[in-house]
Undergrad: 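Next up is a structure, given as structure tokens.
The basis for the numbers below is simple: all heavy atoms, side chains too, and nothing from hydrogens, waters or symmetry mates. Residue numbering restarts at 1 for every chain, and letters A, B, ... go by the order of the sequence lines. Predicted model, so just to flag it, every value in this text is computed and none were measured.
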Protein chains: 2
Amino acid sequence: MTSGVALLREIIDSCTESERKIAEYLIDNPKTAVFCTIAELARQADTNPPAVIRLCKRAGLSGYRELQILLTKDLYSTPDSDAEEPPPAFELDSSQSVEIIAKTIVTRTTDAIERVLSLVNTSAIEEATAAVLGARSVAIFGVGASANVAYDLYQKFSRIGIPCSFAFDADVQITVACGMTSADVAITISYSGKSAHTVAIAEEAKKSGARLIGITSVGQSTLSKLADIVLNVPATEPLLRTSASLSRATQLVMVDILYATVICRSIEVSIPRLERSLKAVHEQDIKTPARS
Amino acid sequence: MTSGVALLREIIDSCTESERKIAEYLIDNPKTAVFCTIAELARQADTNPPAVIRLCKRAGLSGYRELQILLTKDLYSTPDSDAEEPPPAFELDSSQSVEIIAKTIVTRTTDAIERVLSLVNTSAIEEATAAVLGARSVAIFGVGASANVAYDLYQKFSRIGIPCSFAFDADVQITVACGMTSADVAITISYSGKSAHTVAIAEEAKKSGARLIGITSVGQSTLSKLADIVLNVPATEPLLRTSASLSRATQLVMVDILYATVICRSIEVSIPRLERSLKAVHEQDIKTPARS
DNA sequence: AAATATTTAGAAATTATATTCCAAGGATGG
DNA sequence: CCATCCTTGGAATATAATTTCTAAATATTT
């Protein structure tokens, strides 16, 4: 079977005016036919639905469905189709389309997450896992955007019965750090590794004798120097200067990896606890929109 | 990029009997979905059309059309591109290696995020953006794992001066919902769209006359029925039954998209505010580990 | 073990979409 | 300058996707 774009090129000369408009549009944007309805394609090509059908018939196809299949093949079979994807040159602009905004965010986010893989330090994860499982209790720290990640980890560890704590208030975090013992583990999350609060917390935790795990971006930082175990996430450029979106995504993935490893290394106790807590939460669900 | 067959394999265990029949049939004969109608596929798999739709929804797809696209890709994509992403057969297992754990989490997370793109409803995002920018104030709601996402959105909107509120406490959230007016906008985040608290909050917000934006997984839920504007994220199976990791990632990306769009549509005021707030936060940084 | 709730399967109805039909406009050739 | 033949695009129709609903099956509680 031939390619859809090639087929369109072949027949374009024998097309009528309105059919040609559609064929040209599709050669430039084959995705449109893959994802849109006939009506939408016709609108975008500035013509009408019957013209689309006539184009299909002229190309010797049974209908729109067959054209869609051919163009889907085009999109995903050729290796150079990848090359055409990456450059949605993004600028913050009042008329920027939602499509490009979404595409940019998704692309950059997945790229950043994939970079996590190359940075995963297996032995550091194993060490951190062992430390968490052996700890009397685990204190999780993070302020600002990293507070989110810290809270996520706190929720996860709680589900599997790891004794742990987290407080949103930065001063409370320092207080908790001061009260730790050498039987405890501190997990400090900070993208830059150098915010004053985070550093203060890490220092107090160390002074208390706790084992210190740092989740921070690659490169030397005050936090990475203080930490006993460092889990690195990629250094990511702020996405369209809107602040910490990508770093948050990569930190969350790192937290997921740590969490999954902890579950695996304590599977007999973790799974029953996990199932019980999930069930307990879901019991709150569904029951007919119960309310007043 | 996700393979359709792999996706079906992933969800097949969570399927009902009739859905499983279809999934198995498609894994053996992916061509069927590419070339046949729902009715024909249902007949061949010895079941009925609604079951096909339910299978699509369970897989986190928007409908049959999306399943067709994924399976077309499977059929025609170059074999080596598949070989490069060998879906590491993952089992929760005490001796599971960190490499495989990390690879699995990264792969599934990026796949889920990519699926967000195919679900993005441009006009819904535009509508939501306009509602947020036109609102007297924006109240953000979310409990449990979604509280994290809600808090993230709260931080982001705050940075650009959108008057907004968020409270972790679920009862406080209901109170806030009761106090809204028709000049306000409520953004409710819930993966399942049916937790009792979330539904109660959404109902109160509506009763108060507020515009209701729901961020929830595809497929109808109490929340999606209540909401004026629905932003869908893919329905993702819990990653290695460890609970809501993937849904959180996709919700965050959706929140990012909304946030970036809001910035674009109010760029003259947003950017200065954003820069000022980021600068103010960073002033806390660096200054020699200032403490005690 | 009976009663009750919950989930599932599939028939029927609805909605969305593709396709065909047809009338009007416009070109081409006699 | 009329007749014929294309082309176009609005409207009608046919087809297919999706939702809704109900009955049966299954699980859960009493």
Undergrad: Run the salt bridge (Lys or Arg N to Asp or Glu O under 4.0 Å) test against A/Arg58 and tell me which residues pass, sequence neighbours left out.
TA: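 Testing A/Arg58 for salt bridge (Lys or Arg N to Asp or Glu O under 4.0 Å), a comparison that skips the adjacent residues, returns A/Glu19.
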Undergrad: Check whether any side-chain heavy atom of A/Leu55 lies under 4.5 Å from a side-chain heavy atom of A/Leu8, and answer yes or no.
TA: yes
Undergrad: List for me each residue that meets side-chain hydrogen bond (donor to acceptor under 3.5 Å, both in side chains) alongside A/Ser270, sequence neighbours excluded, and say none if there are none.
TA: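 So A/Ser270 forms a side-chain hydrogen bond (donor to acceptor under 3.5 Å, both in side chains) with A/Ser266.
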Undergrad: I'd like to check the salt bridge (Lys or Arg N to Asp or Glu O under 4.0 Å) partners of B/Arg54; sequence neighbours left out, ordered by chain and number.
TA: none
Undergrad: How would you list, by chain and number, every residue that makes a salt bridge (Lys or Arg N to Asp or Glu O under 4.0 Å) with B/Arg43, sequence neighbours excluded?
TA: B/Glu40
Undergrad: Where the side chain of B/Tyr64 is concerned, which of C/dT17, D/dT18, C/dA9 is the nearest nucleotide?
TA: D/dT18
Undergrad: To the nearest angstrom, how far is A/Arg65 atom CZ from C/dT19 atom P?
TA: 10 Å
Undergrad: Which residues pass the side-chain hydrogen bond (donor to acceptor under 3.5 Å, both in side chains) test with B/Tyr151, not counting sequence neighbours?
TA: none
Undergrad: Output yes when B/Glu203 and B/Lys207 qualify as a salt bridge under the 4.0 Å nitrogen-oxygen rule, no when they do not.
TA: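 Here B/Glu203 does not pair with B/Lys207 in a salt bridge, since their nearest N and O are not under 4.0 Å apart.
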Undergrad: Does a nitrogen or oxygen in the side chain of A/Ser18 sit under 4.0 Å from OP1 or OP2 of D/dT8?
TA: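 Yes, within the criterion.
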Undergrad: Whole Å only: how far is the CG atom of B/Leu41 from the P atom of D/dT18?
TA: 12 Å
Undergrad: Only counting residues at least two apart or in another chain, list the ones meeting salt bridge (Lys or Arg N to Asp or Glu O under 4.0 Å) with A/Glu268.
TA: none
Undergrad: What contact category does B/Glu19 fall into here, base, sugar-phosphate, or nothing, at under 4.0 angstrom with non-hydrogen atoms?
TA: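 No contact at all - B/Glu19 keeps every heavy atom at 4.0 Å or more from the nucleic acid.
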Undergrad: Using atom CG of A/Leu61 as one end and atom C1' of C/dA18 as the other, report the distance to the nearest whole Å.
TA: 15 Å
Undergrad: Under 4.0 Å, heavy atom to any atom of DNA chain C: which of residues 23-31 of chain B qualify?
TA: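 Those residues whose heavy atoms fall under 4.0 Å from DNA chain C, taken from residues 23-31 of chain B, amount to none.
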Undergrad: Round to a whole Å and report the spacing from CD1 of A/Ile38 to P of D/dG9.
TA: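 It is 15 Å, rounded to the nearest whole Å.
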Undergrad: Checking B/Glu127 now: which residues fulfil side-chain hydrogen bond (donor to acceptor under 3.5 Å, both in side chains) with it, not counting sequence neighbours?
TA: B/Arg211
Undergrad: Would you classify A/Lys57 as touching base, sugar-phosphate or nothing, given that sugar-phosphate means primed atoms plus P, OP1 and OP2, and contacts are heavy atoms under 4.0 Å?
TA: sugar-phosphate
Undergrad: Quick one: B/Arg58 CZ to D/dT19 P, roughly how many Å, whole number?
TA: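 Answer to the nearest Å: 15 Å.
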Undergrad: Just N and O in the side chain of A/Thr16: are any of them under 4.0 Å from OP1 or OP2 of D/dT8?
TA: yes
Undergrad: Rounded to the Å, how far apart are A/Gln68 CD and C/dA18 P?
TA: 7 Å
Undergrad: For DNA chain C, find the residues of residues 43-56 of chain B with a heavy-atom distance under 4.0 Å and give them by number; none if there aren't any.
TA: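 Listed by number, they are B/Thr47, B/Asn48, B/Pro50, B/Arg54.
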